[in-house]
Amino acid sequence: NDFEVVSWSPETTTRDLFGRPIIKSNKGEMESTMQKGPYAHVLSGETRGIINDEFTSGQTSSHLSLKRIWQAHEGEAINLPGFNGQVFTKENYLEISTGNLRSKQHQQREEMDPAIAREFVSISVPFMDSKEAKEVLLSSFMHETGFLPISKSDVEMINQLCRAAEYTQKAFEGKFSADERQSDIYKR
């Protein structure tokens, strides 16, 4: 509950980010107000941060609407679209974005506008081989005393899933070795 999540798509709009107008009844009287979006919640101090999931699938126009927030200094007043002069103050908050830049595998993606790209520190997360992935998964199940409370068949199932994940990633990236191209699993 400490983080707002924005699931980006080509249809994500500024209303999805900041909020949208609503009409509600207040003691029998109808009034127009704003329903806060994720950025309004974080700038109001109601949540600690924002996770932008698949940020790169959004449109440039929606990305550009965030530049004023990103460039503001802590303690600076910010006016958000639609809030009719209500002032938000930028306090310290966390923001994380995930996404895939335009590439051979993501040709449908828009090129990221350089004005937006400059706002980010890009971290490429390499894919783990099946052995490393298995070790990470098994350690997450392990009790602090070192006891692993799962059966041998569960461990083997995790091993097979990790091998399948490795092959899927290699297929996605087109990085099979000559020996792997001769295997039955590659042919399937």
Practice prompt. Could you walk me through whether E74 and N92 pass the side chain to side chain donor-acceptor pair (under 3.5 Å) test, one step at a time?
Written response: CA-CA 6 Å; E74 193 171 336; N92 193 19; 4.9 Å; no
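- In this structure, the side chain of K90 engages the main chain of A72 through a donor-acceptor pair within 3.5 Å.
- The shortest side-chain heavy-atom distance between D154 and F141 does not fall under the 4.5 Å cut-off.
- Between the CD atom in E166 and the NZ atom in K134 there is a gap of 12.5 Å [rounded to 0.5 Å].
- Partner of E180 under the salt bridge (Lys or Arg N to Asp or Glu O under 4.0 Å) criterion, out of R163, K170, K175: K170 alone.
- To the nearest 0.5 Å, atom SG of residue C162 and atom CG of residue L138 are 7.5 Å apart.
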Discussion item. Under the criterion side chain to side chain donor-acceptor pair (under 3.5 Å), I'd like the reasoning laid out for Q59 against S61: C-alpha separation, chi angles, the key distance, then a yes or no.
Written reply: CA-CA 5 Å; Q59 298 292 321; S61 59; 5.9 Å; no
Item to complete: Please lay out, stage by stage, how Q71 and E119 fare under the test side-chain contact (heavy atoms from CB on, under 4.5 Å).
Response: CA-CA 9 Å; Q71 292 176 341; E119 301 293 328; 3.4 Å; yes
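- The distance between the ring centers of W70 and H63 does not fall below 6.0 angstrom.
- Closest heavy-atom contact between K24 and T33: CE-CG2, 3.8 Å.
- Side-chain atoms of S62 never come within 3.5 Å of backbone atoms of G58 as a donor-acceptor pair (strictly under, hydrogens ignored).
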Item to complete: Would you sort out whether Y93 and E4 count as a side chain to side chain donor-acceptor pair (under 3.5 Å), showing the intermediate values?
Response: CA-CA 11 Å; Y93 72 91; E4 294 283 334; over 6 Å; no
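- Put simply, the side chain of D129 gets close to the backbone of E132: a donor and an acceptor are under 3.5 Å apart.
- To the nearest 0.5 Å, the span separating CD on Q86 from OG on S44 amounts to 6.5 Å.
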Using atom types as modelled, flag every donor-acceptor pair under 3.5 Å from a side chain in residues 13-20 to any protein atom, sequence neighbours excluded.
from, atom 1, to, atom 2, distance (Å)
T13, OG1, R15, N, 3.3
T13, OG1, D16, N, 3.3
T13, OG1, D16, OD2, 3.2
D16, OD1, R20, NH2, 2.8
D16, OD2, T13, N, 2.8

Discussion item. Applying side-chain contact (heavy atoms from CB on, under 4.5 Å) to F88 and Y39, what does each step give before you reach the verdict?
Written reply: CA-CA 10 Å; F88 293 82; Y39 279 87; over 6 Å; no
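- Separating the CG atom in N52 from the OG atom in S7 is a distance of 9.5 Å, to the nearest 0.5 Å.
- Look at E46 and K36 and you find a salt bridge, because one of the NZ, NE, NH1 or NH2 atoms lies within 4.0 Å of a carboxylate O, short of that distance.
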Practice prompt. Report the C-alpha distance between V136 and M128 in whole Å, list the side-chain angles of each, state the deciding distance to 0.1 Å, and finish with yes or no for side-chain contact (heavy atoms from CB on, under 4.5 Å).
Written response: CA-CA 10 Å; V136 168; M128 287 187 262; 4.0 Å; yes
Worksheet entry | side-chain contact (heavy atoms from CB on, under 4.5 Å) evaluation trace for L94 with I50 | CA-CA 6 Å; L94 302 173; I50 291 184; over 6 Å; no
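- Under the 4.5 Å side-chain heavy-atom criterion for grouping Ile, Leu, Val, Met, Phe, Trp and Tyr, V6 is not connected to I96 through any hydrophobic cluster.
- Relative orientation of the Y167 and F176 rings is tilted, given thresholds of 30° and 60° on the angle between their planes.
- At most 12 heavy atoms of other shown residues, nucleotides or ligands fall within 6.0 angstrom of atom CD1 in I23.
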Worksheet entry | Pair T98-D53, side chain to side chain donor-acceptor pair (under 3.5 Å): steps then yes or no | CA-CA 5 Å; T98 67; D53 184 38; 3.2 Å; yes
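- Taking both residues in full, the closest heavy atoms of V87 and A77 are given as CG1-CB, 3.3 Å, listed atom of the first, atom of the second, then distance.
- Between the CE atom in M157 and the CD1 atom in I150 there is a gap of 8.0 Å [rounded to 0.5 Å].
- Under the 4.0 Å criterion applied to side-chain N and carboxylate O atoms, K152 and E156 are not assigned as salt-bridge partners.
- Of the inter-residue distances, the one linking E76 atom CD with T89 atom OG1 reads 10.0 Å to the nearest 0.5 angstrom.
- You'll find the ring centres of F120 and F55 inside the 6.0 Å limit.
- Side-chain contact of N100 with T56: a donor-acceptor pair under 3.5 Å is absent, judged by distance alone.
- The 12-atom threshold is exceeded at NZ of K67, counting heavy atoms of other residues, nucleotides or ligands nearer than 6.0 Å.
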